[in-house]
Protein chains: 2
Amino acid sequence: MSYQDTFKALSDKTRREILTLLRDGPLSVGEIGAHFDISGATLSHHLTILRQADLISDSKKGKFIYYELNTTVLDDIIVWIKSLTEEA
Amino acid sequence: MSYQDTFKALSDKTRREILTLLRDGPLSVGEIGAHFDISGATLSHHLTILRQADLISDSKKGKFIYYELNTTVLDDIIVWIKSLTEEA
DNA sequence: TTTATATTTAGATATTTATCTAACTGTCTA
DNA sequence: TAGACAGTTAGATAAATATCTAAATATAAA
């Protein structure tokens with residue numbers, strides 16, 4: 001929702017790795033968790049932060065919740081960074 | 001030096017605003033500080049974090065220290081983000 | 001309808017961090 | 001050379017955050 005939320009979300013290594021995992025398509029929470037040595041509660045916390053930053057979206061499929069990468073906000077960040085790196 | 005350092009540095013609003021100020025050329029610490037309502041010590045702390053992330057570099061000119069934007073790391077961040085947003 | 005599985009929420013804790021004041025270092029100038 | 005100015009460093013504190021275990025919720029399966 002804001003640059004603040006986005007950069008805060010991206011400032012954690014685990015969360016960046018989650019985004020990388022989702023690069024190739026949606027994954028359930030369990031599938032994501034299999035890549036990390038953290039508790040389910042901690043993973044859920046990270047997913048909440050990524051979701052609030054609109055970097056991922058979720059959809060429920062029966063017993064599972066699938067998370068999917070949302071590139072819109074990332075595109076916005078690129079625009080912000082380019083406004084710094086490109087000539088006036 | 002690492003994505004971690006870079007994203008951590010970018011996760012603070014004051015630090016992002018400092019980078020925006022430096023977009024149009026180097027500024028002394030005092031000139032930067034004039035734009036914020038924070039103590040010199042706090043500003044110095046933010047500059048240290050930006051410098052450690054290699055987002056800025058400094059050069060001493062007599063009594064003053066000038067800080068300058070360093071775009072290399074920002075270009076790296078764009079590459080990282082694009083690796084997420086672009087097709088495989 | 002129990003029981004098992006998937007995920008989140010609640011509550012606690014230890015670490016990190018942004019901030020301040022005060023003290024210090026370096027440089028210029030009167 | 002003494003004082004003023006520019007900036008950093010030291011030490012303290014309050015707020016934010018990443019993590020955990022335990023409990024709660026929701027769905028599927030037996």
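Only heavy atoms go into these numbers, but all of them, side chains included; no hydrogens, no water, no symmetry mates. Order of the sequence lines sets the chain letters (A, B, ...), proteins ahead of strands, with each chain counted from 1.
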Enquirer: Can you give me the closest heavy-atom contact between B:Ile56 and B:Leu19, atom names plus distance?
Expert: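 So the minimum-distance heavy-atom pair works out to CG2-CD2, 3.8 Å.
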Enquirer: Can you name the closest pair of heavy atoms from A:Lys82 and B:Lys82 and give their distance?
Expert: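 Closest pair (atom of A:Lys82, atom of B:Lys82, distance): NZ-NZ, 3.8 Å.
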Enquirer: How far apart are the closest heavy atoms of A:Gln4 and B:Arg16, and which atoms are they?
Expert: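 So the minimum-distance heavy-atom pair works out to OE1-NH2, 2.9 Å.
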Enquirer: If you look at every heavy atom in B:Asp54 and B:Val73, which pair is closest and at what distance?
Expert: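 In this case the closest contact between B:Asp54 and B:Val73 is O-CG2, 3.6 Å.
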Enquirer: Where do N or O atoms of nucleotides 18-21 of chain C meet protein N or O atoms at under 3.5 Å, pair by pair?
Expert:
{"unit_1": "C:dA18", "atom_1": "OP1", "unit_2": "B:Arg15", "atom_2": "NH2", "d": "3.1"}
{"unit_1": "C:dA18", "atom_1": "OP2", "unit_2": "B:Arg15", "atom_2": "NH1", "d": "3.2"}
{"unit_1": "C:dA18", "atom_1": "OP2", "unit_2": "B:His45", "atom_2": "NE2", "d": "3.3"}
{"unit_1": "C:dT19", "atom_1": "OP2", "unit_2": "B:His46", "atom_2": "NE2", "d": "2.3"}
{"unit_1": "C:dC20", "atom_1": "OP2", "unit_2": "B:Ser39", "atom_2": "N", "d": "2.9"}
{"unit_1": "C:dC20", "atom_1": "OP2", "unit_2": "B:Ser39", "atom_2": "OG", "d": "3.0"}
{"unit_1": "C:dC20", "atom_1": "OP2", "unit_2": "B:Thr42", "atom_2": "OG1", "d": "2.6"}

Enquirer: Just the rounded figure in Å: distance from P of C:dG26 to CD1 of B:Ile65.
Expert: 11 Å
Enquirer: Round to the nearest Å and state the distance from A:Lys63 atom NZ to D:dT27 atom C1'.
Expert: 7 Å
Enquirer: Taking all atoms of both residues into account, what is the closest heavy-atom pair of A:Leu47 and A:Val29, and its distance?
Expert: CD1-CG2, 3.8 Å
Enquirer: I need the CG-C1' distance between A:Leu50 and D:dT17, as an integer number of Å.
Expert: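 Between C1' of D:dT17 and CG of A:Leu50: 14 Å.
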Enquirer: Could you give the NZ-to-P distance, from B:Lys13 to D:dA16, as a whole number of Å?
Expert: 16 Å
Enquirer: Can you tell me how far P of D:dT8 sits from CG of B:Asp58, to the nearest Å?
Expert: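 The answer, rounded to whole Å, is 8 Å.
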Enquirer: Whole Å only: how far is the CZ atom of A:Phe64 from the P atom of D:dA28?
Expert: 9 Å
Enquirer: Base, sugar-phosphate, or nothing: which does A:Tyr67 touch, judged by heavy atoms less than 4.0 Å apart?
Expert: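 Sugar-phosphate, no base atom in range.
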Enquirer: What residues, two or more places apart in sequence or in another chain, satisfy ring pair (Phe, Tyr, Trp, His ring centres under 6.0 Å) together with A:Phe7?
Expert: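 Counting only residues at least two positions away or on another chain, A:Phe7 forms a ring pair (Phe, Tyr, Trp, His ring centres under 6.0 Å) with A:Trp80.
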